[in-house]
4 protein chains.
Amino acid sequence: MQVPPEPKPRWERRKDARPQELLAAALGQFVERGFAATRLEDVARRAGVSKGTLYLYFENKEELFKAVVREHIVNAIGAAEQTVAEFDGHSGELLRAILMRWWDQIGATELAGITKLMMAEANNFPDLAQFYNVEVIERGNRLISSVLVRGIARAEFRPHDTEVMTAVLTAPVLMLMMWTHSFLPCDMSALDPQAYMEAFIGMALNGLLPPGANVA
Amino acid sequence: MQVPPEPKPRWERRKDARPQELLAAALGQFVERGFAATRLEDVARRAGVSKGTLYLYFENKEELFKAVVREHIVNAIGAAEQTVAEFDGHSGELLRAILMRWWDQIGATELAGITKLMMAEANNFPDLAQFYNVEVIERGNRLISSVLVRGIARAEFRPHDTEVMTAVLTAPVLMLMMWTHSFLPCDMSALDPQAYMEAFIGMALNGLLPPGANVA
Amino acid sequence: MQVPPEPKPRWERRKDARPQELLAAALGQFVERGFAATRLEDVARRAGVSKGTLYLYFENKEELFKAVVREHIVNAIGAAEQTVAEFDGHSGELLRAILMRWWDQIGATELAGITKLMMAEANNFPDLAQFYNVEVIERGNRLISSVLVRGIARAEFRPHDTEVMTAVLTAPVLMLMMWTHSFLPCDMSALDPQAYMEAFIGMALNGLLPPGANVA
Amino acid sequence: MQVPPEPKPRWERRKDARPQELLAAALGQFVERGFAATRLEDVARRAGVSKGTLYLYFENKEELFKAVVREHIVNAIGAAEQTVAEFDGHSGELLRAILMRWWDQIGATELAGITKLMMAEANNFPDLAQFYNVEVIERGNRLISSVLVRGIARAEFRPHDTEVMTAVLTAPVLMLMMWTHSFLPCDMSALDPQAYMEAFIGMALNGLLPPGANVA
DNA sequence: CATGAATGAGACTTCATTCAT
DNA sequence: AATGAATGAAGTCTCATTCAT
């Protein structure tokens, strides 16, 4: 016999769902306007609540932003770390998989706006920068680096400085996110992200192969 | 015989110099704070004039910013176009030269802050975005593309979509500028620009070579 | 034979105790922060209930405050009136007793904070001022005055305007309360209340004695 | 021949007078409402300027308040110090003079509201309390104490602890100020300040005289 | 009885822009 | 040409009070 999960009264369900709704609204607004230019009143309106309600759930604007990042970005990194740990094949394929997945799950979504926002405003909000650096950047870089180290160890990549190469390899992806959320929305020069990613990864893998392994 | 241009009295020369001083002050402030966060009062103080004086020379904040861009960025592109037109050698070398020069003359200087600023705030200031896109981005992209076209035509590069590859190739440089003016000042992970540029260009040229031309 | 009042079941006793707990919490918060600056949320938290509960027992902030005053201050005055009625000795001793008792039972306790609060905020909350004036001030003044009248009648005090002298005599005590709850907490100049009260009463009694009765 | 003082242009005169106007408006508003309850917008309206103008002259609300105190209170103390230094007569007369003058120049004026305000809100604004304690209270107390010391030295006062007595003697004056700006405005019990001061000073001087010197 | 989520008016503070001098 | 005083809209955050559950 099934005991249906006791349905919470609407009012309480509301309470539980509220933070998610607020975070979703905040994400949208932050992505559209940036951190400084986002008005909490707009976030509230977007979530269908009053200004004051935001402060029931988040201490202030910065904490609201951090919550958005934790909710949407930090989790995704954990999943990627899992993938790397379990992968069993050519490091070039692993690198391709990780980068494409980064693009697909973050870069191609609204979330890329957060990455762009951080690059754009880190300077003006040192606390946020510190937070994001620890929770996202350093952790993400470690992930990419580990793939490069693996590739070199297995003689699938030519030897190189993996720290620097990590910066080089992440740059085009980051840049594509930036691009997508800066000039592209002003409907300037169209740019096909898939083609861009393919071109970049093709070139990169090619450039990483050990001497003599270059192929068409 | 040449008649030397009558030397202006000092106070009048000062009058002519005034806009330059204002632009220099504005550049510094924009780079440090970004467009929105720059207060005209700070620009004025930095230039040693009053707030009102700014409005004698520039209609408003946006026009002041455009003037900064014209003064410092647009000119540099013209010079680079010259270089390309006159170059006579392997396209890989030309590409390397153009990219390194971009880095040295813009990326490594205060001016990179403008590039970063535009990526960061284009969304919030569509007029600026439009202006910058026409005057800087499209023109700069045409320059890189022309080098790729040249390389393919001379069979020095493998065939590829030059538009996309331009985006890919500019990304790491742009990204390094962004980086330098976003997280690095918060003294996070140090990153050696020279090493970064070398790694990137090395990889890129390697990846662009025609099949079979790969070398150590 | 007395039939003891039927003992209420525990949960109901708790119900009866609830207002007392709320008043205690309110007293503490009002004393610490003042009337305007006290947040009902803090009162509620301090009492271990929710904000809404306060409104079940008290119509609003002002009524809550009035209840605190009635509970803690008004009662004390009644007791003092009793003492005066029953006293049988030199009026100087009676005055000393009343003043010392006022200090010991109110001034030296948390309750002095209410006196201070009223002086501080009467102006901004005329309704509270009116209430406090009738329930506390006028009644208290009548008490002191009656002692002075008694002293003059018995030729134990020199003749004087008892209304004015009441104000003069209450001033140092009131001031000590104010002091204790304004600058002293900021740990400024220490001041020994006992010494202060002794000095004041000694001087006052001395000043009140009939001509020729001055003693060391 | 008289050279009329060159009349400043209206605009500049305005600038010079502006801070005084603002301080006057602020004084009035602070006295009427207290510190926390004073809205800067009201101060501005009272001075006939816009809200923003206040911030041209004073960094924030606290600095505005400090400026009011410096302008109106601190100066008065200096003058009183002068009087004491120059006085040549019985210390009782000096004490009477100082206290009456304090009342006349501060207590009976709008400025008493500042004294009341500080007692009322010192607790909630520790920075202001600190400032006021150093600039006003300690300095004022030193002044009174010095008179008592003088009186004892000249055998015009009975020996006593001058620190404590200073607190006792200032209390009635302070209290009268408090009174005037707390309950009296609510037009409660009238109280004649002159009679109050006379009664207090008479009693106090009487109480301070050396043993045996008591007179009618 | 009790809860606590929600509201919304209102406070301080900032800054691009104007304009009398 | 230059000043700098003045404006006022806008943004973050607070809190007494209400009300559905």
Side-chain angles (χ1 to χ4, degrees), chain A residues 8-19 22 36-44 47-64, chain B residues 11-12 14-15 18 36-45 48-62 64, chain C residues 11-12 14-15 18 36-45 48-62 64, chain D residues 8-19 36-44 47-62 64:
Chain A
K8 296 183 178 180
R10 185 160 28 112
W11 180 79
E12 187 145 350
R13 276 226 312 283
R14 184 101 194 234
K15 175 203 160 189
D16 287 352
R18 193 38 60 83
L22 299 183
T38 283
R39 293 180 300 140
L40 290 191
E41 184 160 11
D42 290 341
V43 174
V49 302
S50 75
K51 228 179 337 177
T53 298
L54 279 174
Y55 286 87
L56 293 179
Y57 293 92
F58 306 97
E59 216 170 288
N60 54 37
K61 205 181 181 183
E62 292 212 352
E63 289 304 319
L64 172 60
Chain B
W11 68 263
E12 197 161 344
R14 174 170 179 84
K15 171 191 150 195
R18 184 48 57 83
T38 281
R39 294 182 298 144
L40 290 191
E41 183 161 10
D42 290 340
V43 173
R45 181 165 33 245
V49 303
S50 75
K51 227 184 331 181
T53 300
L54 283 174
Y55 283 86
L56 294 177
Y57 292 91
F58 307 98
E59 209 172 306
N60 54 35
K61 207 182 182 184
E62 292 212 352
L64 171 61
Chain C
W11 68 263
E12 198 161 342
R14 174 173 178 83
K15 168 191 152 194
R18 181 52 55 87
T38 282
R39 294 181 298 143
L40 290 191
E41 182 162 10
D42 290 339
V43 173
R45 180 165 35 245
V49 303
S50 75
K51 227 182 333 180
T53 300
L54 282 175
Y55 283 87
L56 294 178
Y57 292 91
F58 306 98
E59 208 171 305
N60 55 34
K61 207 182 182 184
E62 292 212 352
L64 172 60
Chain D
K8 295 183 179 180
R10 185 157 30 110
W11 179 79
E12 187 146 346
R13 276 227 311 286
R14 185 100 194 233
K15 176 204 160 190
D16 286 353
R18 193 37 60 81
T38 283
R39 294 179 298 141
L40 290 191
E41 184 161 10
D42 291 340
V43 174
V49 303
S50 75
K51 231 179 335 178
T53 298
L54 281 175
Y55 285 86
L56 294 178
Y57 294 91
F58 306 99
E59 217 170 288
N60 55 33
K61 205 181 180 183
E62 292 213 352
L64 172 60

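Since the model is a prediction, treat every value here as computed from it, not as a measurement.
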Under 4.0 Å from OP1 or OP2 of dA5(F): is there any side-chain N or O of Y57(D) that close?
no
Tell me, please, which residues at least two apart from F58(A) pass side-chain contact (heavy atoms from CB on, under 4.5 Å).
L22(A), L23(A), L64(A), A67(A)
Please enumerate all residues that pass side-chain contact (heavy atoms from CB on, under 4.5 Å) together with R45(B), with sequence neighbours excluded.
E41(B), D42(B)
Less than 4.5 Å apart, any side-chain heavy atom of V43(A) and any of K51(A)?
no
In chain order, what residues pass the side-chain hydrogen bond (donor to acceptor under 3.5 Å, both in side chains) check against T53(B), with sequence neighbours excluded?
S50(B)
If I take atom [atom1] in residue [X] and atom [atom2] in nucleotide [N], what distance separates them, rounded to the nearest angstrom?
X	N	atom1	atom2	result
R45(C)	dC15(F)	CZ	P	11 Å
F58(D)	dT14(E)	CZ	C1'	18 Å
L54(B)	dA16(E)	CG	P	10 Å
L64(B)	dT17(E)	CG	P	10 Å
R18(D)	dG4(F)	CZ	P	16 Å

More than 12 foreign heavy atoms under 6.0 Å from CD of E62(B): is that the case here?
yes
Roughly how far, to the nearest 0.5 Å, is NZ of K61(D) from CG of L40(D)?
6.0 Å
Spatial distance of atom CG (N60(C)) from atom CG (L54(C)) [nearest 0.5 Å]
11.0 Å
At under 4.0 Å between heavy atoms, which parts of nucleotides 8-14 of chain F does protein reach? Answer with one letter per nucleotide, 5' to 3': B base, S sugar-phosphate only, - none.
B-BSSBB
Toss me the dot-bracket line for DNA chain E: Watson-Crick and G-U wobble, both under 3.5 Å, 5' to 3', using | for pairs to another strand and [ ] for crossers.
.||||||||||||||||||||
Any residue meeting salt bridge (charged side-chain N to carboxylate O under 4.0 Å, His left out) with E63(A), in chain and number order, not counting sequence neighbours:
K66(A)
What's the closest nucleotide to the side chain of V49(A) if the choices are dA5(F), dA2(E), dT7(E)?
dT7(E)
